[in-house]
S.K.: 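One structure, as structure tokens, below. Some questions next.
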Amino acid sequence: MTTSADPAPNTESGDSMSETSHADSNGNGAKRSDTAKAESTRPDTVKAEPKPRIGSGVRRSAQRYGAPLVARFGAATLAFTLIAAIFGALFAVVTPPFWGHDEITQFGRAYQVAHGGVLPQRIDDTRGVAYGGDVPVSVTELMGYALRDYTSNPQEPDPMIEDPAVYDRLKDAAVGDAVEPVWFTNTAAYSPVPYLPAALGIRIAEVTGLDVGGLVLLTRLAGLLAYLAVVGFALWTLRAHRVQWLAFAVAVLPIAVFQAGTVTADTLTNALAILVSVLLVKGLFLGERLRGVETTALLAATVLLPVSKPTYVLLAMLVVVVPADRFGFTGARRWIPWAFAATGALAFAVWMKIAAPTGDGMGLMRPEHQWKSVRPGDQLSEILGDLPQFVSTFGDSIVYRDQRWFTQFFGELGFAYIDVPAISVLACLLAFAVSVGVAERMNTATATTRRTVIVALTVAASVAMIYVTLYMSFTPVGYYIIDGVQGRYFVPLAILGVAVLLRWISLRLTDSEGRTPTWGPAVTVIAASTVGLIAALAKYHAIVWG
């Protein structure tokens, strides 16, 4: 597919070449031409009508109606919206209720936010420190059954679902007024921001009188809609650049689409991280001036991302690295990005202070014999007092778990713990390779070596924050590895990480004439990503439902 950044391919050259006579090696070109001319002037010669090309009408219609849409919205935007909407909705329907990543606790926090619960709420628990909130009993009954079901799976080849009829019965129940407390200490630590779409879905479901199944499904779809809107806007801003396909390949990873189809704070967090990354690539690495709406979106995300998930706070702070003229700011207005970065950092610090007490209850997520073993204060003291030991533990974590993180980056689907199939991983790798190969050569005037190094160090520091956070909040004291790290946590860092490599590596894909192709790579990335999603969905459905 072509973009305004690339010259439009000559679609007539291939046809004209096939109809042009060429002299052969014996110099008979002129003789053949004269013979053809003589035959065409003979009165008894009937000139055959050219055969219509199969599909030519369809192609012309597609170009007639598709070209304006591509020019207006961008090829990657349209492809993403269609593919993510279809597969996100399919995952929302196929995934049993509360089988997503921490979906029980994620839904509990979303329900609390929907009813005005902003701050973490302490609840009674005989096991120790606990946070949570009230959820309708009819919903908690479905939660309890789902928890028992996905934690007691039968042996292969039996399906993971024990009895679909029980789910149907529990989903058909009305959402009553009776409530009971639900434990969600791990998600109580999150601010209300990433739960706003899900909370809106819950309120709409309540107003419309949906049953329990409708409540869960609408909450999932509300998050998916937010993902489509934010990421779709991000891709739209790159519609004139080939690097749009890199952002597309990341946005439709099986794990990203699966999470978008379930209830989780990661849905909006991933969307905001992609938005920030895309606009940083456009303003810094491509050297493009951002439009007013793009500047507004980036500055807003600079404040919202740090309170959506603390591990990505540094990603948002990179707004100050973009030259002020890329925003159109001059004079005193040049400090506006700094003001928003400071606001985001302050919001991050305030919420971390508010959520800090929840860390004392995180041990309850572990097996019973480890309930008292997660002590953030002791872990922090070990990092500061014995840094070599922490570095050694980090190295052991890579030795024992790096292959799991690699697979999880593409998809470990929910609490069924189903890895996406090999064909999905290969298809995604193909999409990445092609999208990286056709991306633009980055602007060295704005993405100077100093600025690029700052971005690279920030991405590295964000990776380190993932490990440190889980070491302090989930890993038992003295444990041999950093526990709880999952490959999906690195997805929000992928676009900027690759952009740094693109700035320093000039290798690109070109055709036989030295031009960067557009149509072929676009089709390849879309097709490969779609194949990856189809394979992942098929495997998940087969294993879970049989």
S.K.: Is the backbone of Thr452 close enough, under 3.5 Å, to the side chain of Arg503 for a donor and an acceptor to pair up by distance?
M.R.: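 Flag not set: sc Arg503 to bb Thr452 has no pair under 3.5 Å.
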
S.K.: Could you tell me whether Asp419 and Arg404 have a side-chain N and a carboxylate O separated by less than 4.0 Å?
M.R.: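 So Asp419 pairs with Arg404 through a salt bridge.
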
S.K.: Looking at every non-hydrogen atom in both residues, tell me the closest pair between Trp405 and Val485 and how far apart they are.
M.R.: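 Residues Trp405 and Val485, closest heavy atoms: NE1-O, 3.2 Å.
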
S.K.: Mind running side-chain hydrogen bond (donor to acceptor under 3.5 Å, both in side chains) on Tyr471 and Glu382 for me, showing each step along the way?
M.R.: CA-CA 10 Å; Tyr471 184 73; Glu382 183 172 325; 2.7 Å; yes

S.K.: I need the minimum non-hydrogen distance between Leu210 and Gly214, along with the two atoms involved.
M.R.: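 It is CD1-O, 3.7 Å.
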
S.K.: Any donor-acceptor pair under 3.5 Å linking the side chain of Ser191 with the backbone of Val307?
M.R.: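 Yes; at least one donor-acceptor contact below 3.5 Å.
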
S.K.: Is there a donor-acceptor pair closer than 3.5 Å between any side-chain N or O of Asp102 and the backbone N or O of Thr105?
M.R.: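 No, the answer is negative, given that no donor and acceptor are paired below the 3.5 Å cut-off.
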
S.K.: Can you tell me if Lys282 uses its side chain to pair, donor with acceptor, with the backbone of Gly287 under 3.5 Å?
M.R.: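 A pair under 3.5 Å: no.
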
S.K.: Measure from the ring center of Phe184 to the ring center of Tyr131 and say whether it is less than 6.0 Å.
M.R.: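 Ring centres of Tyr131 and Phe184 not closer than 6.0 Å.
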
S.K.: Are Phe415 and Trp99 close enough that their ring centers fall under 6.0 Å?
M.R.: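 No, ring centres 6.0 Å or more apart.
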
S.K.: State, without any angle test, whether Thr140 and Glu180 hold a side-chain donor-acceptor pair at a distance under 3.5 Å.
M.R.: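 Looking only at side-chain atoms, Glu180 and Thr140 do form a donor-acceptor pair, the distance falling under 3.5 Å.
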
S.K.: Can you tell me if Thr475 uses its side chain to pair, donor with acceptor, with the backbone of Leu470 under 3.5 Å?
M.R.: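 At least one qualifying donor-acceptor pair exists.
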
S.K.: Working to the nearest 0.5 angstrom, can you tell me the gap between Leu142 CG and Lys171 NZ?
M.R.: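 Answer rounded to 0.5 Å: 8.0 Å.
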
S.K.: Is a side-chain N or O of Thr208 found less than 3.5 angstrom from the main chain of Ala205, in a donor-acceptor match?
M.R.: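 Side chain of Thr208 to backbone of Ala205: a pair is present.
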
S.K.: When you look at Gln244 and His241, which way does the side chain to side chain contact (heavy atoms under 4.5 Å, CB included) test go after all the steps?
M.R.: CA-CA 6 Å; Gln244 65 183 300; His241 301 281; 5.7 Å; no

S.K.: Tell me, with the steps shown, if Glu206 and His115 meet side chain to side chain contact (heavy atoms under 4.5 Å, CB included).
M.R.: CA-CA 11 Å; Glu206 291 175 337; His115 293 83; 3.0 Å; yes

S.K.: Which atom pair, heavy atoms only, marks the closest approach of Ile123 to Gly133?
M.R.: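 The answer is CG2-N, 4.1 Å.
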
S.K.: Tell me the closest heavy-atom pair linking Met317 and Pro306, and the distance in Å.
M.R.: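 Heavy atoms of Met317 and Pro306 come nearest at CE-CG, 4.2 Å.
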
S.K.: Give a yes or no on whether the backbone of Ala355 and the side-chain of Thr358 come within a donor-acceptor separation of less than 3.5 Å.
M.R.: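 Yes; at least one donor-acceptor contact below 3.5 Å.
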
S.K.: To the nearest 0.5 Å, tell me how far Thr219 OG1 sits from Leu200 CG.
M.R.: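 Reported value, rounded in 0.5 Å steps: 9.5 Å.
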
S.K.: Indicate the ring-plane relationship of Phe406 and Phe410, choosing parallel, tilted or perpendicular according to the 30° and 60° boundaries.
M.R.: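 Perpendicular, since the angle between the ring planes exceeds 60°.
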
S.K.: For the pair Arg488 and Glu412, find out whether any cationic side-chain nitrogen is under 4.0 Å from an anionic carboxylate oxygen.
M.R.: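 So Arg488 does not pair with Glu412 through a salt bridge.
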
S.K.: Salt bridge or not between Lys309 and Asp266? Use side-chain N to carboxylate O under 4.0 Å.
M.R.: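 Looking at Lys309 and Asp266, the cut-off is met.
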
S.K.: Would you name the heavy atoms of Ala251 and Ala256 that are closest together and state the gap between them?
M.R.: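 The answer is O-CB, 3.7 Å.
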
S.K.: Where does the angle between the aromatic ring planes of Phe327 and Phe329 fall among parallel (under 30°), tilted (30 to 60°) and perpendicular (over 60°)?
M.R.: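 Plane angle under 30°, so parallel.
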
S.K.: Taking the inter-plane angle between the rings of Phe91 and Phe258 on a 0 to 90° scale, is it parallel (under 30°), tilted (30 to 60°) or perpendicular (over 60°)?
M.R.: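 Phe91 and Phe258: perpendicular rings.
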
S.K.: Other residues, nucleotides and ligands only: do more than 12 of their heavy atoms fall within 6.0 Å of CH2 on Trp504?
M.R.: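 More than 12 heavy atoms, drawn from other residues, nucleotides or ligands, come within 6.0 Å of this atom.
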
S.K.: Check each of Leu314, Val313, Leu272 against Leu305 using the side-chain contact (heavy atoms from CB on, under 4.5 Å) test, and report the only one that passes.
M.R.: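 The single option meeting the side-chain contact (heavy atoms from CB on, under 4.5 Å) with Leu305 is Leu272.
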
S.K.: Are any non-hydrogen side-chain atoms of Phe248 and Ile526 less than 4.5 angstrom apart?
M.R.: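 Touching, per the 4.5 Å side-chain cut-off.
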
S.K.: Arg451 side chain to Val321 main-chain N or O, any donor-acceptor pair under 3.5 Å?
M.R.: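 Yes, the answer is positive, given that a donor and an acceptor are paired below the 3.5 Å cut-off.
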
S.K.: Do Leu298 and Val276 make a side-chain contact, defined as non-hydrogen atoms from C-beta onward lying under 4.5 Å apart?
M.R.: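 Yes; the side chains approach each other to less than 4.5 Å.
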
S.K.: Is a side-chain donor-acceptor pair under 3.5 Å present for Tyr195 with Gln106?
M.R.: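 Present: a donor and an acceptor within the cut-off.
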
S.K.: Got a second to check how far Arg289's CZ is from Thr446's OG1, nearest 0.5 Å?
M.R.: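 One gets 14.0 Å once the value is rounded to the nearest 0.5 Å.
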
S.K.: What is the distance from atom OG of Ser308 to atom CH2 of Trp351, rounded to the nearest 0.5 Å?
M.R.: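 If I round to the nearest 0.5 Å, the distance is 11.5 Å.
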
S.K.: When rounded to the nearest 0.5 angstrom, what distance separates CG in Leu275 from CG in Asn270?
M.R.: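 Leu275 atom CG to Asn270 atom CG measures 12.5 Å (nearest 0.5 Å).
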
S.K.: Does the side chain of Pro192 reach to within under 4.5 Å of the side chain of Gln112, using non-hydrogen atoms?
M.R.: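 No - every pair of side-chain heavy atoms lies 4.5 Å or more apart.
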
S.K.: If you compare all heavy atoms of Ala75 against all heavy atoms of Val70, which two are closest, and at what distance to 0.1 Å?
M.R.: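 Scanning both residues, the minimum pair turns out to be N-CG1, 3.9 Å.
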
S.K.: With a 6.0 Å cut-off (strictly less than), is the heavy-atom count around CE of Met352, excluding the residue itself, greater than 12?
M.R.: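 Result for CE/Met352: open.
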
S.K.: Checking Glu440 side chain against Arg242 main chain: does a donor-acceptor pair fall under 3.5 Å?
M.R.: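 Yes.
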
S.K.: What class does the angle between the rings of Phe409 and Phe432 fall in, given that below 30° is parallel, 30 to 60° is tilted and above 60° is perpendicular?
M.R.: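 Rings of Phe409 and Phe432: tilted, as their planes differ by 30° to 60°.
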
S.K.: Going by heavy atoms in the side chains, are Leu502 and Leu246 under 4.5 Å from each other?
M.R.: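 Yes, close enough: below the 4.5 Å cut-off.
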
S.K.: Flag the pair Val303 / Phe340 as yes when at least one side-chain heavy-atom distance between them is below 4.5 Å, and no otherwise.
M.R.: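 Yes. Closest side-chain heavy atoms under 4.5 Å.
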
S.K.: Could you tell me whether the side chain of Phe233 reaches within less than 4.5 Å of the side chain of Val293, counting heavy atoms only?
M.R.: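 A side-chain contact under 4.5 Å exists here.
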
S.K.: One pair to check against side chain to side chain contact (heavy atoms under 4.5 Å, CB included): Phe87 and Thr530. What are the steps and the verdict?
M.R.: CA-CA 9 Å; Phe87 286 95; Thr530 303; 4.2 Å; yes

S.K.: Are Arg366 and Phe474 in a cation-pi contact, defined as NZ or CZ under 6.0 Å from the six-membered ring centre and within 45° of the axis?
M.R.: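 Yes, a cation-pi geometry holds between Arg366 and Phe474.
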
S.K.: CD1 of Ile466 to CD1 of Ile482: how many Å apart, nearest 0.5 Å?
M.R.: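 Taking CD1 in Ile466 and CD1 in Ile482, the distance rounds to 11.0 Å.
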
S.K.: Are Phe107 and Met143 packed together at the side-chain level, in the sense that at least one heavy-atom pair is separated by less than 4.5 angstrom?
M.R.: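 In short, these two side chains touch, coming nearer than 4.5 Å.
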
S.K.: Taking NZ, NE, NH1 and NH2 as the nitrogens, is one of them in Arg375 or Asp360 under 4.0 Å from a carboxylate oxygen of the other?
M.R.: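 No.
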
S.K.: Is it true that a side-chain atom of Trp236 and a backbone atom of Arg72 form a donor plus acceptor pair closer than 3.5 Å?
M.R.: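 The answer is yes, because a donor-acceptor pair under 3.5 Å joins these two groups.
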
S.K.: Would Phe285 and Val455 count as a side chain to side chain contact (heavy atoms under 4.5 Å, CB included) if you check the C-alpha gap in whole Å, the side-chain angles of each, and the deciding distance to 0.1 Å?
M.R.: CA-CA 10 Å; Phe285 289 97; Val455 175; 4.2 Å; yes

S.K.: Could you check whether any side-chain heavy atom of Leu268 comes within less than 4.5 Å of a side-chain heavy atom of Pro197, counting everything from C-beta outward?
M.R.: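 A side-chain contact under 4.5 Å exists here.
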
